[in-house]
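Computed from a predicted structure; not experimentally measured. Below, chain A is the first sequence line, B the second, and so on; all start at residue 1.
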Amino acid sequence: MAAAKRPAPSLIRAIVRGKSSFLLLLITPVKDAIARLRLAFETAFVTAFGPELAGTDPVLVPASNPKFGDYQANVALSLAKTLGQPPRDIASAIVSALAIDDLCDPPTIAGPGFINLTLKADYLLDQLRASHQSDRLGIQTVAHPQRIIVDFSSPNIAKEMHVGHLRSTIIGDSIARVLEFLGHDVLRLNHVGDWGTQFGMLITHLRQVAPAALTNPDAIDIGDLVAFYQKAKQRFDNDDDFKEQSRQEVVCLQSGDPESRRAWQLLCDQSRREFQKIYDLLDIRLTERGESFYNPMLPEVVAALVETQLLVEDSGACCVFLEGFVNKDGNPLPLIVQKSDGGYNYATTDLAAIRYRIGTDQADRVIYVTDAGQANHFAQVFQVARRAGWIPDNVELVHVPFGLVLGEDGKKLKTRSGDTPKLKDLLSEAIERSRTDLHNRLTTEERTESPEFIGHVATTVGLSAVKYADLSQNRISSYAFSYDKMLALQGNTAPYMLYAYARIQSIGRKAAVNLSQLDSTQLHLSDDSEWMLLKHLLRLDEVLEAIATELMPNRLCEYLFDLSKKFNQFYDRCPVLNAPDPDRTSRLLLADTTARTLALGLNLLGIQVLDRM
RNA sequence: GGGUGCGUAGCUCAGUGGAUAGAGCAACCGCCUUCUAAGCGGUCGGUCGCAGGUUCGAGUCCUGCCGCACCCGCCA
């Protein structure tokens with residue numbers, strides 16, 4: 001695979017500093033260091049071994065250990081066989097041909113043939129200046145923005161949001177934030193469950209026991225609605241007459257019967273208001289486009305499948321038989337797109353959504369953030385869409401699966417039983433526990449704070465803790481929900497990171513200078529911890545780029561945790577305010593850049609920072 | 001039975017085909033006249049589920065097996 005496919009960024013940008021002074025700087029974010037190293041290596045390959053090696057991947061990766069430098073190129077090892085030479089000889093030939101004096105100290109060859117690269121101090125300091133002066137910390141937007149749909153959260157109307165919606169909501173939000181920050185055109189869609197069988201049963205039941213709820217917007221509240229839903233579900237499972245009536249009701253609704261539609265509209269509005277409270281609390285922005293939106297398009301989906309000759313009728317249902325999926329008897333499994341009673345199901349809706357998102361929304365990439373249990377479903381739906389020819393080559397559909405939120409006992413929280421914790425209760429408890437912690441601390445530290453301060457800190461810490469605990473896990477695996485762990489003040493938690501930020505803000509307040517206008521012309525770093533911190537700061541763009549590709553927010557958490565640790569090490573070893581210049585200014589600049597990096601990173605996780613806590 | 005995913009330190013988990021596998025928690029030992037000790041340094045802790053294979057090199061890729069979780073025809 002050819003390396004260095006990335007487009008060369010524009011290198012020159014004017015920076016306005018203060019009111020009168022202009023500086024013209026070469027801005028080369030550190031990711032350009034890798035890009036430039038790649039180019040240099042490619043040139044060196046050709047110089048050293050001839051044109052047939054053009055386009056060889058230099059296998060450049062961050063050094064596995066700081067003592068080896070900043071980056072290492074492992075290419076010599078992989079070339080040993082094709083070139084028929086010892087790797088160390090190859091490495092030495094590459095190094096002789098390598099023109100990177102402006103970027104790196106002289107490369108060294110180590111072990112079996114690793115080429116170790118250490119970025120020049122001046123280069124790093126230039127990068128720090130550039131980051132500090134940039135309101136985006138030197139992170140450029142992508143050269144070719146994509147239209148990206150992130151489909152997440154997706155609660156069901158007439159049910160309360162529960163813990164099962166937590167992960168989709170905050171993982172989806174974080175992914176959307178990262179992609180937006182990188183300059184993509186992101187459409188955040190809430191594919192709410194506002195259609196289908198469940199509505200038939202609910203409306204049928206309400207018509208019989210609480211008809212007012214179907215005509216009066218405020219007749220019942222959401223909690224009652226949930227109880228009604230549970231009762232309706234129970235009747236549906238046990239009463240054949242009721243089941244039949246419910247199915248009829250679905251048909252009425254889907255065919256546009258005015259009375260059914262009005263009832264449905266009322267139920268949706270009521271749920272919507274409840275959802276919005278939680279989204280406001282969590283600072284989540286979403287565009288609602290529920291399953292019902294696709295209702296008019298469902299017959300087209302079936303018709304289009306007929307045209308492609310993929311559609312097969314089986315026991316009265318319209319199916320597409322799948323490749324690679326078999327039932328217990330070893331026969332191909334069908335994806336049912338129209339039930340024997342003429343109704344459509346969620347596979348049909350998802351196919352319609354794919355067609356609409358590609359055809360009308362012009363999406364380049366569609367990201368589905370749902371639990372891992374739906375992996376089969378998406379694999380099947382994607383397969384049918386692909387075989388039907390609905391997915392152009394340049395469009396990517398991707399399921400972003402995540403594991404379950406378990407109780408502290410390690411058992412799954414059931415989604416369909418009544419005792420599933422409600423999301424709003426869970427968030428409230430996190431906030432309350434955070435408030436209690438804060439009170440205890442204020443008491444022991446003999447501090448007095450206003451009720452506003454306490455309320456704001458408790459809410460921010462509580463919600464951040466919940467979000468961070470979730471996002472910091474590898475999303476594939478399930479995790480046990482523990483208030484004690486997520487609110488812990490030490491370890492890889494939101495409070496630890498918020499504290500690191502607050503410490504820096506405290507320095508900033510006492511420094512009594514405008515941090516955005518520090519004079520960066522005389523930077524001087526002396527301690528190892530300063531260099532470690534600086535190098536880590538400059539890695540942010542690599543991390544964001546990886547997240548945009550792999551859609552793993554835990555990478556960002558890991559980066560921020562490392563950053564906090566490196567800052568605390570720096571803080572421990574390097575006095576800032578009492579240091580003589582140029583150390584003082586250099587350290588203030590490092591601290592300020594760290595604070596802004598933390599704030600940005602946490603913001604991309606959906607977490608707000610606190611100046612004091 | 002078929003499919004998907006996961007098995008890494010006592011516990012919870014990171015880990016991008018590269019050098020001696022890393023954090024946090026817990027335990028133990030140190031460090032506050034100095035910018036928020038919610039911090040920092042150190043000690044202890046591993047047959048990366050098992051067995052093969054590919055590779056110069058495997059926790060990572062492939063195959064088989066064991067264990068756990070989830071999914072499997074008209075719910076979403």
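- Among the nucleotides B:U4, B:G39, B:C70, the one closest to the side chain of A:R503 is B:G39.
- Mapped onto RNA chain B by nearest heavy atom, A:S64 and A:S78 fall at different nucleotides, with A:S64 at the one closer to the 5' end.
- If you check the side chains of A:T348 and A:N345, you find a donor sitting under 3.5 Å from an acceptor.
- A:A347 comes within 4.0 angstrom of nothing in the nucleic acid, heavy atoms only.
- Note on A:D581 versus A:R584: no salt bridge recorded, every NZ/NE/NH1/NH2 to OD/OE distance being 4.0 Å or above.
- A sub-4.0 Å separation between OP1 or OP2 of B:A14 and a side-chain N or O of A:S477 is present.
- Note on A:G373: only backbone sugar-phosphate atoms sit closer than 4.0 angstrom, heavy atoms only; bases stay farther off.
- The cationic atom of A:R38 (NZ for Lys, CZ for Arg) does not lie both less than 6.0 Å from the six-membered ring centre of A:F41 and within 45° of the ring axis.
- Within the 4.0 angstrom heavy-atom criterion, base atoms lie near A:K67.
- Between the C1' atom of B:C40 and the CG atom of A:L489 lies a distance of 16 Å, rounded to the nearest Å.
- Aromatic rings of A:Y559 and A:H536 (six-membered ring for Trp) have centroids within the 6.0 Å cut-off, being under it.
- The separation between A:N376 atom CG and B:G2 atom C1' is 10 Å, rounded to whole Å.
- In this structure, A:L577 atom CG and B:U36 atom C1' are separated by 12 Å, rounded to whole Å.
- With distances taken from any side-chain atom of A:D572 to the nucleotides B:U55, B:U36, B:C40, the minimum falls on B:C40.
- Across all strands shown, A:Y496 has heavy atoms under 4.0 Å from sugar-phosphate atoms exclusively, and none from any base.
- Here A:Y344 and A:Y346 keep their ring centres 6.0 angstrom or further from each other.
- Proximity of residues 460-476 of chain A to RNA chain B (heavy atom under 4.0 angstrom from any strand atom) is restricted to A:Q473, A:N474, A:I476.
- Residue contacts shown for A:N74 include a base, since a base heavy atom lies under 4.0 Å away.
- Rounded to whole Å, the distance from CD1 on A:I507 to P on B:U36 is 7 Å.
- Residues A:R433 and A:D484 are paired through a salt bridge, judged by an N-O separation under 4.0 Å between the basic side chain and the carboxylate.
- A salt bridge is absent between A:D371 and A:R167; no separation between the charged side-chain nitrogens and carboxylate oxygens falls under 4.0 Å.
- Between A:E530 and A:R573 there is no salt bridge, since no side-chain N of the basic residue sits under 4.0 Å from a carboxylate O of the acidic one.
- OP1 or OP2 of B:A37 sits under 4.0 Å from a side-chain N or O of A:Y571.
- Using a 4.0 Å heavy-atom distance criterion, A:D371 is classed as making no nucleic acid contact.
- Heavy atoms of A:A372 sit nowhere under 4.0 angstrom from any nucleic acid atom.
- Of the possible donor and acceptor atoms, none in the side chain of A:D194 sits under 3.5 Å from a partner among the backbone N and O of A:I157.
- Remark: A:N554 is in phosphate contact with B:G15, judged by side-chain N or O atoms under 4.0 Å from OP1 or OP2.
- Residue A:S478 is in sugar-phosphate contact alone, with no base atom involved, counting any heavy-atom pair closer than 4.0 Å across all strands shown.
- Taking the centre of each ring, A:F275 and A:H165 stay at or above the 6.0 Å mark.
- Summarising the geometry, the separation between CG on A:N65 and P on B:G22 is reported as 8 Å, rounded to the nearest angstrom.
- Side-chain rings of A:Y368 and A:F378 approach one another, their centers coming within less than 6.0 Å.
- Not less than 6.0 angstrom separates the ring centroid of A:Y496 from the ring centroid of A:Y499.
- Nearest-nucleotide mapping onto RNA chain B: of A:C319 and A:R509, the residue sitting toward the 5' end is A:R509.
- Using a 4.0 Å heavy-atom criterion, one finds that A:A80 contacts no nucleic acid atom at all.
- Taking the ring axis of A:Y571 as reference, the NZ or CZ atom of A:R503 stays within 45° of it and closer than 6.0 Å to the ring centre.
- Closest to the side chain of A:F114, from the set B:G18, B:C35, B:A37, is B:G18.
- Atom C1' of nucleotide B:G18 and atom CG of A:L79 are separated by 14 Å, given to the nearest angstrom.
- Applying a 4.0 Å cut-off to non-hydrogen atoms, the residues of residues 555-564 of chain A that approach RNA chain B are A:R555, A:E558, A:F561, listed by residue number.
- At a threshold of 4.0 angstrom between heavy atoms, the contacts of A:R573 with the nucleic acid are absent.
- Among the nucleotides B:C25, B:G73, B:C35, the one closest to the side chain of A:V576 is B:C35.
- Here A:K485 does not reach the OP1 or OP2 of B:U12: none of its side-chain N or O atoms lies under 4.0 Å away.
- A:E291 comes within 4.0 angstrom of the backbone, heavy atoms only, and of no base.
- A:D350 comes within contact range of no nucleotide atom at all, as no heavy-atom separation falls under 4.0 Å.
- Relative to the side chain of A:R247, the nucleotides B:C75, B:A19, B:A76 differ in distance, and B:C75 lies closest.
- When the C1' atom of B:G5 is taken as reference, atom NE2 of A:H399 falls 12 Å away, rounded to whole Å.
- A salt bridge between A:R247 and A:E249 is absent, with no side-chain N of the basic residue lying under 4.0 Å from a carboxylate O of the acidic one.
- Nucleotides B:G2 and B:A26 place their C1' atoms 42 Å apart, quoted to the nearest Å.
- A:I115 has its CD1 atom 16 Å from the P atom of B:G18, to the nearest Å.
- Using modelled atom types, no side-chain atom of A:R587 and backbone atom of A:A579 make a donor-acceptor pair closer than 3.5 Å.
- Of the candidate nucleotides B:C72, B:U36, B:C56, B:C72 has the atom lying nearest to any side-chain atom of A:L333.
- For A:K510, a side-chain nitrogen or oxygen approaches OP1 or OP2 of B:U36 to under 4.0 Å.
- The side chain of A:Q374 sits closest to B:A76 out of B:A76, B:G2, B:A23.
- One finds no side-chain N or O of A:Q72 lying less than 4.0 angstrom from the OP1 or OP2 phosphate oxygen of B:A19.
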> Pairs counted as Watson-Crick or G-U wobble with both distances under 3.5 Å: what dot-bracket string results for RNA chain B, using | for bases tied to another strand?
Replying inline: (((((((..((((....[...)))).(((((.......))))).....(((((..]....))))))))))))....
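- B:C6 shows a glycosidic angle more than 90° from 0 and is accordingly assigned anti.
- The side chain of A:Q569 contributes an N or O atom lying less than 4.0 Å from OP1 or OP2 of B:G41.
- The pair A:D239-A:K243 does not meet the salt-bridge criterion, since no charged nitrogen lies less than 4.0 angstrom from a carboxylate oxygen.
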